[in-house]
There are 2 protein chains.
Amino acid sequence: MSKGIVKIAEICGVSIATVSRVLNNSGPVKESTRARILQIAQELNYKPNSNARSLSRRRTDTIGVILPELVDEFFMGVIQGINEVANRHQRYIMLSSSHSQRDELETMLEFMNGGRVDGVILMAPALHHTMKTILKSNTRPLVLLNCRPGIAGIVSINFDNFQGAKVATEHLIQHGYQKIAMITGPEINNDARERFRGFQSALKENNINLPKSFIVPGEFNIESGYYGFMRLMSLPEKPRAIFAANDMMVLGAYEAAKSLKLRIPDDVAIAGFDDIFLGRLLNPRLTTVHAPIVEMGRAAMQQILKMVDEKWRPEEEYTIHLSTGLVIGGSCGCINNNGNNFV
Amino acid sequence: MSKGIVKIAEICGVSIATVSRVLNNSGPVKESTRARILQIAQELNYKPNSNARSLSRRRTDTIGVILPELVDEFFMGVIQGINEVANRHQRYIMLSSSHSQRDELETMLEFMNGGRVDGVILMAPALHHTMKTILKSNTRPLVLLNCRPGIAGIVSINFDNFQGAKVATEHLIQHGYQKIAMITGPEINNDARERFRGFQSALKENNINLPKSFIVPGEFNIESGYYGFMRLMSLPEKPRAIFAANDMMVLGAYEAAKSLKLRIPDDVAIAGFDDIFLGRLLNPRLTTVHAPIVEMGRAAMQQILKMVDEKWRPEEEYTIHLSTGLVIGGSCGCINNNGNNFV
DNA sequence: ACATGAAATGTAAACGTTTACATTTCTTGT
DNA sequence: ACAAGAAATGTAAACGTTTACATTTCATGT
């Protein structure tokens with residue numbers, strides 16, 4: 001027995017072209033036959049085979065998403081935003097998170113050249129050289145998250161890390177703290193570098209000296225926050241406030257503070273970056289910079305769709321900065337901001 | 001200019017069949033031509049068009065994943081497990097999370113009949129009637145997460161909610177508590193029901209009475225935990241211990257306890273279910289039941305692949321129970337278990 | 001040198017759509 | 001009743017693979 005569109009055509013006694021026209025609302029069809037075809041399709045529970053469809057139309061209505069990891073709410077938020085917009089536009093998303101650099105490149109190649117997806121959203125805080133080469137080939141619409149590639153025709157979306165870090169640091173300065181240290185993120189990470197720059201900028205503009213010892217490297221995880229804090233607090237000259245490049249490290253710092261019996265913010269003030277869920281539950285509640293992650297996902301998808309649907313490509317390198325905002329808690333020394341925490 | 005396989009064939013002066021054979025390692029090809037073809041393919045940066053491939057082979061090497069939501073670490077963990085196994089087997093995953101019932105059904109139909117995926121992993125704590133009908137049609141391999149559909153030919157994977165809840169409750173009982181209440185989950189939620197059953201079972205076996213007032217309904221979120229706790233603690237006869245059907249509600253309970261100035265576990269002991277990341281940071285650290293979420297994702301993918309690759313289908317209804325385990329913290333009254341928390 | 005079978009290659013038909021172009025069938029004005 | 005144009009429908013060629021089957025080429029034993 002024949003299948004799909006052909007079967008419908010046979011039953012209705014028309015050609016497959018007519019059926020296709022009805023199903024896609026392309027071209028004129030007599031009302032009566034249209035109704036008939038629609039009805040039969042319904043009865044047969046017909047769903048077009050999307051592979052055949054994609055092959056013919058040269059588009060799949062799916063977007064590839066490549067993330068470096070699949071842990072913590074950060075990625076979750078991004079996916080959520082992506083999915084939201086995808087749903088609204090009836091698109092599907094193909095998700096991939098490769099642990100090895102090797103796999104990541106492989107997936108990228110498959111997405112760019114395999115015809116599986118119409119466009120790719122790539123989150124890569126650090127760009128491997130080979131990856132850059134692939135990106136330059138520019139076969140398909142591409143949106144980059146959290147990095148600035150410096151390649152024309154590609155859209156990249158970033159948080160305003162610089163501004164966010166600067167504002168947070170300025171807030172600490174306004175509290176009157178002079179000895180401010182920072183636990184930074186990985187050197188290769190774009191966000192981390194920008195945040196560090198923002199931090200430096202704020203200090204510089206306020207003529208505050210930043211000793212080398214006040215810059216300790218972190219790895220964006222709890223452990224490094226813990227050790228970073230420990231290290232800072234064992235300096236002969238201790239900082240009065242600490243800005244951590246992300247909230248995860250703050251968790252470690254809180255733990256360290258607890259084990260050293262240091263009070264936050266009385267002994268040392270702390271500010272973070274990201275505004276993770278947990279930050280609101282800390283005691284004292286964490287002062288941090290809100291990073292609009294869901295918004296980032298949404299924006300990414302919207303851009304991709306714009307490129308796919310309207311065949312639009314930016315002439316030059318095109319970067320969107322999502323504005324960040326300070327979330328005031330009690331950890332910086334502000335009072336009356338511990339109401340919500342309950343841990 | 002010709003494309004893909006045809007182009008390679010032209011350049012190498014062979015037929016497309018030979019090229020295909022080389023690329024797929026199917027059938028014998030002279031070593032020299034094989035080498036040549038491989039080299040040209042490499043030079044051209046050739047990637048087979050997967051739509052054409054899927055159309056012809058009638059398989060896509062991608063698995064559809066439908067989740068009810070995309071929030072919190074629970075789903076993240078499941079996806080992580082799924083992705084892990086998918087990567088290992090060179091499969092792609094198509095992710096979808098629909099907010100409306102309507103969309104969910106639509107996606108399911110598309111996945112089942114649209115030829116986009118080889119199989120589907122569906123997480124649906126509650127099964128709508130229409131959905132059941134779709135599942136029964138049984139067009140493609142299907143693995144269900146967190147629900148028992150009672151349909152032959154379908155694999156479902158569940159946590160051992162009953163046992164987990166029972167063990168947790170027994171632990172509370174062993175502490176000597178007699179007045180034990182529970183904040184339950186949504187009635188329609190399968191996990192929630194099972195956990196409640198386990199709770200009841202433990203009490204019954206220990207001949208402990210369970211007054212109606214000690215069962216308060218929750219919604220698996222922070223707020224309902226908060227209000228559930230409040231309600232229990234405003235009873236004329238207050239419980240000495242509370243078992244919450246999930247950890248999220250425990251967060252609310254902790255908050256409520258704090259605002260009521262009740263100490264945990266001295267005034268009221270608490271145990272939860274899920275073992276969320278945050279639980280380990282609570283003060284006192286939460287006693288809860290570990291739900292192996294990543295493992296669930298892995299198992300789901302493995303089952304699907306088994307069905308797809310080996311064309312295997314269970315004769316009857318086939319349910320896998322993932323064993324849960326008690327995680328002892330300080331919230332139940334056990335001492336020396338507050339070491340790790342630092343909030 | 002030849003028959004025989006295996007190895008290597010080619011041909012062409014799927015797979016299920018979309019779509020440009022051709023053809024037929026309706027309207028409508030005269 | 002007919003021409004002209006619009007509306008409806010049909011035909012057939014893509015889209016880029018895989019694969020059953022047919023054909024050619026090669027090695028081997030005689």
Side-chain angles (χ1 to χ4, degrees), chain A residues 1-38 40-41 44-62 110-118 139-140, chain B residues 1-38 40-41 44-62 110-118 139-140:
Chain A
M1 187 72 191
S2 51
K3 265 192 160 187
I5 216 182
V6 180
K7 186 169 182 182
I8 300 184
E10 281 170 3
I11 295 182
C12 296
V14 297
S15 75
I16 57 169
T18 304
V19 178
S20 178
R21 273 189 280 260
V22 170
L23 265 21
N24 296 298
N25 256 317
S26 58
V29 176
K30 210 204 307 182
E31 197 44 42
S32 62
T33 51
R34 142 168 285 118
R36 182 87 208 290
I37 290 172
L38 248 23
I40 299 297
L44 294 181
N45 238 306
Y46 171 78
K47 275 276 169 190
N49 178 305
S50 52
N51 291 126
R53 202 148 193 267
S54 298
L55 182 57
S56 189
R57 300 196 322 157
R58 243 150 310 191
R59 63 180 283 182
T60 59
D61 289 337
T62 108
E110 176 69 24
F111 280 0
M112 285 309 240
N113 306 313
R116 267 180 209 279
V117 300
D118 297 334
T139 357
R140 272 177 216 288
Chain B
M1 186 70 193
S2 51
K3 266 192 158 188
I5 216 182
V6 180
K7 186 168 181 184
I8 299 183
E10 282 170 1
I11 296 181
C12 296
V14 296
S15 76
I16 58 170
T18 304
V19 177
S20 178
R21 273 190 281 261
V22 170
L23 263 22
N24 295 297
N25 255 315
S26 58
V29 176
K30 209 208 302 184
E31 198 43 43
S32 61
T33 50
R34 141 167 288 119
R36 183 88 208 289
I37 291 172
L38 247 24
I40 299 297
L44 294 181
N45 239 307
Y46 171 77
K47 275 276 170 191
N49 179 303
S50 52
N51 291 127
R53 202 147 194 269
S54 298
L55 183 57
S56 189
R57 300 196 323 158
R58 242 151 309 191
R59 65 180 281 181
T60 59
D61 289 338
T62 109
E110 175 69 24
F111 280 0
M112 283 309 238
N113 306 313
R116 267 179 208 279
V117 300
D118 298 334
T139 358
R140 272 177 216 287

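Numbered from 1 within each chain, the chains take letters A, B, ... in sequence-line order. Any value given below was found using the heavy atoms of this structure, including those in side chains, with hydrogens, waters and symmetry copies removed.
Distances were taken from every side-chain heavy atom of Pro28(B) (C-beta onward) to each of dT19(C), dA7(C), dT18(C); the shortest belongs to dA7(C). Nearest nucleotide to the Ser20(B) side chain, out of dG16(C), dT19(D), dG10(C): dT19(D). Across dT17(D), dG16(C), dG10(D), the shortest atom-to-atom separation from the side chain of Arg53(B) is found for dT17(D). Here dG16(D) is the nucleotide among dG16(D), dT18(C), dT17(C) with the atom lying nearest to any side-chain atom of Leu55(A). The side chain of Ile5(B) lies closest to dT17(D), out of dT17(D), dT17(C), dT11(D). Distances from the side chain of Pro48(A) to the nucleotides dG10(D), dG16(C), dT17(C) place dT17(C) closest. Here the side chain of Lys30(A) is nearest to one of dG10(C), dT9(D), dT17(C), namely dT9(D). When the nucleotides dT9(C), dT11(D), dA14(D) are ranked by their closest atom to the side chain of Val29(B), dT9(C) comes out on top.
What separates CZ of Arg59(B) from C1' of dT19(D) is a distance of 16 Å, to the nearest Å. Rounded to whole Å, the distance from NZ on Lys7(A) to P on dT17(C) is 12 Å. When rounded to the nearest whole Å, the span between CG of Asp61(A) and C1' of dT17(C) equals 14 Å. Distance CD (Glu31(B)) to P (dC26(D)): 17 Å, rounded to an integer number of Å. Atom CZ of Arg34(B) is separated from atom P of dT9(C) by 10 Å (rounded to the nearest Å). The NZ atom of Lys3(B) sits 8 Å away from the P atom of dC15(D) (whole-angstrom rounding). One can place CD1 of Ile37(A) at 12 Å from C1' of dG10(D), the figure rounded to the nearest angstrom. In this structure, the CE atom of Met1(B) is 17 Å from the C1' atom of dC15(D), given to the nearest Å.
Along DNA chain D, the nucleotide closest to Ile16(B) and the one closest to Arg57(A) are compared, and the more 5′ of them pairs with Arg57(A). Comparing Val19(A) and Arg58(B), the nucleotide of DNA chain C nearest to each residue sits closer to the 5' end for Arg58(B). When each of Ser56(B) and Ala17(B) is assigned the nucleotide of DNA chain C bearing its nearest heavy atom, the one mapping closer to the 5' terminus is Ala17(B).
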May I have the step-by-step check of side-chain contact (heavy atoms from CB on, under 4.5 Å) for Leu23(A) and Leu38(A), ending in yes or no? CA-CA 8 Å; Leu23(A) 265 21; Leu38(A) 248 23; 4.1 Å; yes
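No hydrogens or angles were tested; on distance alone, a donor-acceptor pair under 3.5 Å links the side chain of Arg21(A) to the base of dG10(D).
Between the side chains of Asn25(B) and Arg34(B), at least one donor-acceptor pair of N or O atoms lies under 3.5 Å. Using modelled atom types, one finds a donor on one side chain and an acceptor on the other under 3.5 Å when comparing Arg53(A) with Asn24(A).
Checking the phosphate oxygens (OP1, OP2) of dC15(D), no side-chain nitrogen or oxygen of Ser54(A) falls inside 4.0 Å. Listed pair Ser15(B) / dG10(C) meets the phosphate criterion, a side-chain N or O lying under 4.0 Å from OP1 or OP2. Under 4.0 angstrom from either OP1 or OP2 of dG16(D) there lies no side-chain N or O belonging to Tyr46(B). Between Thr18(A) and dG10(D) there is a side-chain polar atom (N or O) within less than 4.0 angstrom of OP1 or OP2. For the OP1/OP2 pair of dT18(C) and a distance below 4.0 Å, the side-chain nitrogens and oxygens of Asn24(A) include at least one atom meeting the criterion.
Backbone-only contact: Thr33(A) has heavy atoms under 4.0 Å from sugar-phosphate atoms and none from a base. Counting any heavy atom pair closer than 4.0 Å across all strands shown, Gly13(B) reaches sugar-phosphate atoms only and no base atom.
Put simply, CD1 on Ile40(B) and CD on Glu10(B) are 12.5 Å apart, with the number rounded to the nearest 0.5 Å.
Side-chain atoms of Arg140(B) never come within 3.5 Å of backbone atoms of Asp118(B) as a donor-acceptor pair (strictly under, hydrogens ignored). Thr139(B) places no side-chain N or O within 3.5 Å of a backbone atom of Asn113(B) that could act as its donor or acceptor partner.
Scanning both residues, Asp61(A) and Arg116(B), for their nearest heavy atoms gives CB-NH2, 4.4 Å.
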